[in-house]
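What follows is a single structure, written as C-alpha cells, with notes after it.
In this text, all values refer to a predicted model and were calculated from it rather than measured experimentally.
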Amino acid sequence: SAEGVIVWSGSLERARALLAAVSPDDPGSFEAEIVEVDGGAELRIQVVGDCLKTVRSTVDDLLACLAAAESSLDITD
C-alpha cells in the first residue's frame, strides 16, 4: 500500500471552507481533519491506497480542488 499526506496552513475559517470544498470529492478515498495550531489551523488530508499510482491520482485531484477553492476564496476576500 501507499500513503500521502497534504498539509495546508492558514486561518481556521479558510481551513473549514477548504475542507467543505473537498469533502464531496470521493470521501472514501481520504481522511481529513482540521487541527488548531498557534493561532491558526492546519488542514491535514491523508490518502491511502493500494498502489502509488492510485494515491498520486487522488492527491492530484485534491490539490486541484483545493487550488480552485482557494482561488475563489481569494476573490471573495
Side-chain angles (χ1 to χ4, degrees):
S1 77
E3 178 180 324
V5 177
I6 300 168
V7 179
W8 176 92
S9 299
S11 72
L12 180 57
E13 178 182 297
R14 195 169 266 228
R16 287 180 178 150
L18 292 174
L19 178 58
V22 298
S23 291
D25 190 43
D26 198 10
S29 63
F30 64 90
E31 292 184 18
E33 67 176 340
I34 296 173
V35 179
E36 293 186 52
V37 290
D38 299 326
E42 288 183 351
L43 171 58
R44 299 177 184 171
I45 303 172
Q46 179 181 20
V47 180
V48 178
D50 293 332
C51 65
L52 186 57
K53 182 179 179 179
T54 303
V55 171
R56 180 179 176 187
S57 177
T58 302
V59 167
D60 286 347
D61 289 347
L62 287 167
L63 289 174
C65 289
L66 288 168
E70 193 164 36
S71 291
S72 69
L73 289 172
D74 288 342
I75 292 170
T76 60
D77 283 345

Inset, instruction - For E3, look at atom CD and say whether over 12 heavy atoms of other residues, nucleotides or ligands are found less than 6.0 Å away. - result: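 Yes, because the 6.0 Å sphere around CD of E3 holds more than 12 heavy atoms from other groups.
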Legend entry - Greater than 12 external heavy atoms within 6.0 Å of D60's CG: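 Enclosed: over 12 neighbouring heavy atoms sit under 6.0 Å from CG of D60.
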Provide the closest heavy-atom pair for [X] versus [Y] in the form atom of the first, atom of the second, distance.
X   : Y   : answer
V47 : S29 : CG1-O, 3.7 Å
A69 : A21 : CB-CB, 3.6 Å
F30 : V22 : CZ-O, 3.4 Å
A17 : L73 : CB-CD1, 3.9 Å
V55 : G49 : CG2-N, 3.3 Å

Inset, instruction - Please report the C-alpha distance between I6 and L66 in whole Å, then the side-chain angles of each, then the deciding distance to 0.1 Å, and finally whether the side chain to side chain contact (heavy atoms under 4.5 Å, CB included) criterion is met. - result: CA-CA 10 Å; I6 300 168; L66 288 168; 4.3 Å; yes
Inset, instruction - Output yes when E70 and R14 qualify as a salt bridge under the 4.0 Å nitrogen-oxygen rule, no when they do not. - result: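 Looking at E70 and R14, the cut-off is met.
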Inset, instruction - Decide side chain to side chain contact (heavy atoms under 4.5 Å, CB included) for I45 and E31; before the verdict, give the C-alpha distance in whole Å, the side-chain angles of both, and the deciding distance to 0.1 Å. - result: CA-CA 6 Å; I45 303 172; E31 292 184 18; over 6 Å; no
Legend entry - Check: T54 side chain, D50 main-chain N or O, donor-acceptor pair, under 3.5 Å: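 Checked: no pair found.
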Legend entry - Check: A67 main-chain N/O paired with S71 side-chain donor or acceptor under 3.5 Å: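 Such a contact is found between S71 side chain and A67 backbone.
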